[in-house]
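Below is one structure, written out as structure tokens; comments come after it.
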Amino acid sequence: MGKKPQVLFATFEAVPFMKTGGLGDIAGALPQAIRDAGYDIRVMLPKFMTIPEAYKNQMVHVVDFRVNLGWRNLFCGIEKLVYKGITFYFVDNEYYFMRDKAYGYFDDGERIAFFSKAVVESLQYLPDFQCDILHCNDWHTALSPVFLREFYQGLPLYENVKTVFTVHNLKFQGQMSDYVLGDVLGLANIPAAADQLRSDRDSINFMKGALSYSDVLTTVSPTYAQEIKTPFYGENMDDIFRRRENVLYGILNGIDTQEYDPENDKYIQTNFNLEDMSGKAECKAAVQKELGLEISRNTPLVTMIGRLTEQKGMELLQRVIGEMLEHNIQIAVLGTGDKQYEDMLRYYAWKYEGRMSASITFNEPLSHRLYAGADMLLMPSLFEPCGLSQMIAMRYGTMPIVRETGGLRDSVIPYNQYTGEGTGFSFANYNAHEMMFTVFNAADIYTSQPEVWQQLMENAMHQDFSWDRAAKEYCKIYDMLHPENETESEEADE
Ligand code: ADP
């Protein structure tokens, strides 16, 4: 038997140590699932000042060394903590990381370059760990594959290290003045590197480096992996994604199926499951009451939960919300975002009191009550790399109504009236009336074909959105990159 590859997962955020967005959740959950699949995966992140003391007190010093960064020669310590069976390494440098926040400093480029270099340098110092796969995430670790190839390639220990780079958020790419290229990265005199990092005459782009240098690229859904090869979705990187499409994979994220579990959810009125759905009706009545909506079992309750931005399709809602509220439906929105949309929603909640509610706040318990109590979740996104809300809704038997883009397209099977298949409803074009008629169609089925609706709820609740499914796909990529397993399968073929 060949040995399973050992993986170092480099990230700027991981729950419970640091979280500013989805990356933190993913880096907290995915390595666990990969570990459960039998891989030795360890996570590396900066030792931020804001990590809770209880964790900091448990960290033990592993090693320290110096890191060269341009003309600088910097201290780097590595500390270690085993959390839920996973080894986390923390990169210690007080000058860069003893600060209040993870990002938002004038020298973010330098801090992030330091972290990326420290990750690569550390590979030779970690006891009982021979890194086979370096898995980097987003622009904060995008320089690691570049440094690995340009500065470490010749050293025997690094020869077989393969790199995977996952794009979680294509909007943030690390665009810097090209002064950084020489002064910080020390790459100005390596023409191939300079060429690949440069985005225009005066600037360089960290993510561009990872997209060119990594052995495999992944993003967070199969459809988004296709979409980013087009100028509309590609954020000026579409040409690179087209060039590297043979190594570009889309793997749908998972959700925390323990946190979002209608059977055990502590926030909701009555727990329910596939065998006994009666609790869902109670959840609906409770949330209607809580939000000041008319308590009516037969009126379809449509919810929207998320950021109130153009990306999430608020433009479409704004266009037709008045028309929609004349129909026999209720709308409950929970979210914060652009002021124009917040005000618009408040206005309609006032105008259609009892039919529409607008909760302009971030409220996790209320989000659970809406996922559980609503009949449908509307998510008409302009673009959606993965999206979590639609998967959470399905766990609670709430039918997603989505635009066919990115992860929405990959996670929702549209209702087919001829076969009865489906886990939700979808529409193709970014068009307000197309969205509205899809909602009306769903509402009609809800009110006039309860047995069809019941079947759709069951289909949705049967879907597997656990991280285990995603982990299996990442493991396939690790195996593909790892030569030992190649040998093994060649032997097996003979
Ligand atoms: P995003 O693009 O914002 O990451 P996702 O659908 O991937 O969108 O994830 C959004 C997550 O944040 C979901 O778990 C959703 O329930 C939660 N969320 C968003 N807005 C709110 C809010 N106002 N209150 C509570 N939870 C929210």
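Just so you know, these numbers use all the heavy atoms, side chains as well, and skip hydrogens, waters and symmetry mates. First listed ligand is number 1; within each ligand, the first listed atom is number 1. Sequence positions, counted from 1, serve as the residue numbers for this chain.
Here the protein heavy atom with the shortest distance to atom 21 (C) of ligand 1 is Phe362 CE1, 3.4 Å. Nearest protein heavy-atom contact of atom 8 (O) of ligand 1 is Lys312 NZ, 3.1 Å. If you check which protein heavy atom lies closest to atom 10 (C) of ligand 1, you get Ser389 OG, 4.2 Å. Regarding atom 19 (C) of ligand 1, its nearest protein heavy-atom neighbour is Gly306 CA, 3.6 Å.
Contact between Leu370 and Ala332 at its shortest, heavy atoms only, is CD2-CB, 3.8 Å.
On a distance-only criterion, Leu388 and ligand 1 share at least one N/O pair closer than 3.5 Å.
Against a heavy-atom cut-off of under 4.0 Å, Gly335 is close to the following atoms of ligand 1: 23 (N). Listed by number with element, the atoms of ligand 1 under 4.0 Å from a non-hydrogen atom of Tyr371 are 13 (C), 15 (C), 16 (O). Every atom of ligand 1 is numbered from 1 in the order shown, and the set under 4.0 Å from a heavy atom of Ile392 is 14 (O). Applying the 4.0 Å criterion to heavy atoms of Met379 picks out, from ligand 1, the atoms 6 (O).
A heavy-atom distance below 4.5 Å is not found between the side chains of Leu134 and Phe9.
Atom 27 (C) of ligand 1 is flagged as protein-proximal [any protein heavy atom, distance under 4.0 Å]. The presence of a protein heavy atom under 4.0 Å from atom 12 (O) of ligand 1 is ruled out. The protein does not reach atom 17 (C) of ligand 1 closely, with no heavy atom under 4.0 angstrom from it. Per-atom contact check: atom 4 (O) of ligand 1 does not touch the protein, criterion being a heavy-atom distance below 4.0 Å.
Separation of the His135 and Tyr474 ring centroids falls under the 6.0 Å cut-off.
Partners of Asn271 by side chain to side chain donor-acceptor pair (under 3.5 Å), not counting sequence neighbours: none found. Partners of Arg307 by side chain to side chain donor-acceptor pair (under 3.5 Å), not counting sequence neighbours, listed by chain and number: Gln311.
When non-hydrogen atoms are compared, ligand 1 lies under 4.0 Å from the side chain of Ser367 (C-beta onward) but not from its backbone. Of all the heavy atoms of Tyr260, the ones lying under 4.0 Å from any atom of ligand 1 belong exclusively to the side chain. Residue contacts with ligand 1 for Asn363 involve N, CA, C or O but no side-chain atom from C-beta outward (heavy atoms, distance under 4.0 Å). Of all the heavy atoms of Met391, none lies under 4.0 Å from any atom of ligand 1, so neither backbone nor side chain is involved.
Using cut-offs of 30° and 60° on the angle between ring planes, the pair Tyr371 and Tyr396 is parallel. Between Phe425 and Trp453, the ring-plane angle classifies as parallel under the 30° and 60° cut-offs. Using cut-offs of 30° and 60° for the angle between ring planes, the His368 and Tyr260 rings count as parallel.
By the 6.0 Å and 45° rule, Lys229 does not stack over the aromatic ring of Phe241. For Arg99 and Tyr105, the positive end sits near the middle of the six-membered ring, less than 6.0 Å away and at most 45° from its axis.
One option in Thr361, Leu408, Thr336 has a heavy atom closer to atom 23 (N) of ligand 1 than any other, and that option is Thr361.
At least one heavy atom of Gly387 sits less than 4.0 Å from an atom of ligand 1. Ligand 1 lies out of reach of Gln390, whose nearest heavy atom is not under 4.0 Å from it.
The backbone N or O of Leu211 sits nowhere less than 3.5 Å from a side-chain atom of Ser214 that would complete a donor-acceptor pair.
Partner of Tyr55 under the ring-ring contact (aromatic ring centres under 6.0 Å, His included) criterion, chosen from Phe90, Phe17, Phe48: Phe17.
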